[in-house]
Protein chains: 2
Amino acid sequence: MIDPRLVTLRVFARCGTVGATAELTGYSPSAVSAQLRELQRVLGMQLLVKDGRGVRLTATGRFLVAGSDTLIAEWERLRAAAMEAGDQVQSSFGLGGFSTAAAQLLAPLAATLRSTRPLLKVQVLEADPARCFDLLVAERIDLAVIVAMQSDTFGEDDPRFEQTVLLDDPLDVIIPCEHPFASRETVTLEELASEPWITDAAGSTYHSLFTAAFTAVGVTPRIAHEAVEWETQIAFVGAGLGVGLLPRLAPLRSAENVVRLRITGRGKPTRRIVAAARRGSIGSPLIQESLEILQVSANRILRARPEDGL
Amino acid sequence: MIDPRLVTLRVFARCGTVGATAELTGYSPSAVSAQLRELQRVLGMQLLVKDGRGVRLTATGRFLVAGSDTLIAEWERLRAAAMEAGDQVQSSFGLGGFSTAAAQLLAPLAATLRSTRPLLKVQVLEADPARCFDLLVAERIDLAVIVAMQSDTFGEDDPRFEQTVLLDDPLDVIIPCEHPFASRETVTLEELASEPWITDAAGSTYHSLFTAAFTAVGVTPRIAHEAVEWETQIAFVGAGLGVGLLPRLAPLRSAENVVRLRITGRGKPTRRIVAAARRGSIGSPLIQESLEILQVSANRILRARPEDGL
DNA sequence: ATCGATCATGCACCTACTGTGCACGGTTCT
DNA sequence: AGAACCGTGCACAGTAGGTGCATGATCGAT
């Protein structure tokens, strides 16, 4: 209901270049340029100035973008309330989430919605958390499932988003079948202090999660190998190259001769998974229903004993 | 910046029929019908139901319209603030007002704006107060000058509008040149109690103003003739048919052998003239400047002595 | 009961907005 | 200097959204 050109401007305010805005919104760069030009004409304001080989927001432009946060939130709130008041449904629904969430949480959610609401067009996009926020602003998706990171620039109080905690996903340890601990059910991080560890490259979200888990118990792990994908890491462990941490949500196929153990003791590392939506839209019946379904899925997975993955 | 279809829905909520909405917005009835249908499709809500030979808002529709008041106001506020922050001007500006205001206040305002802001497209529409409010909602005009009536359904606290008092326009008495009081400068209503009066038909806004003036001083005037236009009333008085009340803003040509006297004594009847705009937009520099110009015009007219009209 | 008036809507048609693809000029980094 | 990148103008195309007329439905008046 808000003019799509204003939405485009907001996306531009986040990524700073016309090209990136085009990529995020799905338009061509020419279209973004034309939209921004038209927006300035309609409003009678100069919103952009040339800056080097790019363009930059003017003070007026920044002011407008900042103020539009409450406008967007107001509209989302109104639409959600009207939806609830009229017990009606929207026609399309976009979901976004990072890999694990997309596979374990969003896929069943989309399937459930597809059966309970046959005429709702559901679209799922896999994207990392930062891009999920971009996609929310661009209105490409309506709900995102992400890992809450302390390093995130989006706080709880960002006027553009509203977040609710979905679940705390515990990290398990995976070790090779041949490992002396393979028959145990639980283990502490201290017991594994001298093991060769497998994790992601420094700088990734998983790596910071990894180090945080060990600093919490005062252990310095020896990092032997690096793997980006869970599948790769599991394969490394299965090959006896070392041990690793695996979120409980990440599935483990039985063929992979790897054992998953729960962590006990002082340090019980978890990653917090939250759902994010545009501020104001959280009350929408569709989003509320989605959150409930997500909770059910998450609890069902978490209740499963770690040995089930063997 | 708000979707024009939502604006159309708001206009429909006020006048109740597709045809009237088309007339107010400037669209054709087919276009209004298509817009409302499209709006329901996009939002996934049923906003209208057939009702006899017309259509009626559903509960959801009424809810949406009511809630959109704050949304519109929020946008107007944001735009006005951005305008002020950036010291920029809009490209078009619509003015509305009733007959006297249009001639005496809006015409000079439009002329001034045309000279101070050459590239601003100014449009003036003459319309009675009720229609002015409709035109404000329809975004055909941005500022309206109207007579405040106690019978108006639009209170000071209407979430859609914002009003500021422009001036209190005193009512003068007009009498024939041959009248014994013609050489005086002031008169009281009591002195004219037995005169034959000329006013508008019962039910008009002027008529209620007329009776209110006399009930304030406890006099019951004898209504001899009825006239709708000021010009007609003045002609009646000039022909010696009676006396009448004339707002000071209404001009008096010297050729009309009629004398204008100020009213003194307990009852000093006035009509309150206010400016109205969409809520939130009152801070816009263009509207602020317009209000100042209107004040200047009004004061200049009011300072003129009543004899000047002879 | 019938006829006319009124109201919303569907349809055919057309205009004009808006997006795409490509080429170009300007700017920065190496 | 040359290459890479960024934004923008232009020709073209598709489609959203406008008008005008005809139609069906409903209400009021004769």
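Lettering of chains follows the sequences in order, A, B, ..., and the numbering in each one begins at 1.
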Original post:
Does A:E76 come within less than 4.0 Å of A:R160, counting only side-chain N to carboxylate O?
Top reply: no
Subject >> Separation of atom CZ in A:R56 from atom P in D:dC6, rounded to whole Å >> reply: 17 Å
Original post:
For B:L71, does its backbone N or O pair with a side-chain atom of B:S68 as donor and acceptor, under 3.5 Å?
Top reply: no
Original post:
So, is B:Q35 near the phosphate of D:dG18, with a side-chain N or O under 4.0 Å from OP1 or OP2?
Top reply: yes
**OP:** Check the distance between C:dT18's P and A:L39's CG and give it to me in whole angstrom.
**Re:** 11 Å
Original post:
Side chains of B:T25 and B:R140: does their closest heavy-atom pair fall under 4.5 Å?
Top reply: no
**OP:** Return the value, rounded to whole Å, for the distance between atom CD of B:E23 and atom C1' of C:dT6.
**Re:** 16 Å
Original post:
Do any side-chain nitrogens or oxygens of B:Y27 fall under 4.0 Å of OP1 or OP2 in D:dG18?
Top reply: yes
Subject >> Member of A:I141, A:L125, A:L24 meeting the side chain to side chain contact (heavy atoms under 4.5 Å, CB included) criterion with A:R131 >> reply: A:L24
Original post:
Taking NZ from B:K50 and C1' from D:dT26, how many angstroms apart are they, rounded to a whole number?
Top reply: 10 Å
Original post:
Among side-chain atoms of B:Q46 and B:T58, is any donor-acceptor pair under 3.5 angstrom?
Top reply: no
**OP:** Select from A:G26 and B:V18 the residue whose nearest nucleotide in DNA chain C is closer to the 5' end of that strand.
**Re:** B:V18
Original post:
Passes side chain to side chain donor-acceptor pair (under 3.5 Å), A:R77 versus A:S281? Steps please.
Top reply: CA-CA 5 Å; A:R77 190 162 19 247; A:S281 71; over 6 Å; no
Original post:
What is the distance, rounded to the nearest whole Å, between atom CZ of B:R37 and atom P of D:dA16?
Top reply: 13 Å
Subject >> Quiz item: A:S33 side-chain donor-acceptor pair to D:dG9 base, under 3.5 Å >> reply: no
Subject >> Heavy-atom donor-acceptor pair, A:D200 side chain to A:H207 backbone, under 3.5 Å >> reply: no
Subject >> Donor-acceptor pair under 3.5 Å, B:S30 side chain vs D:dG20 base >> reply: yes
**OP:** Would you mind reading off the distance between B:L47 atom CG and C:dA8 atom P, rounded to a whole angstrom?
**Re:** 16 Å
**OP:** Please state how far atom CD in B:E38 lies from atom C1' in D:dT15, giving the value in whole angstrom units.
**Re:** 12 Å
Subject >> Earlier contact from the 5' end, DNA chain C, for A:A31 and B:F12 >> reply: B:F12
Between the protein and nucleotides 27-30 of chain C, list the N/O to N/O atom pairs that are separated by less than 3.5 angstrom.
none

**OP:** Starting at atom CG of B:L36, determine the distance to atom C1' of D:dG18, rounded to an integer number of angstrom.
**Re:** 15 Å
**OP:** Identify whether any heavy atom of A:T17 sits under 4.0 Å from a base atom; if not, whether one sits that close to sugar-phosphate; answer base, sugar-phosphate or nothing.
**Re:** sugar-phosphate
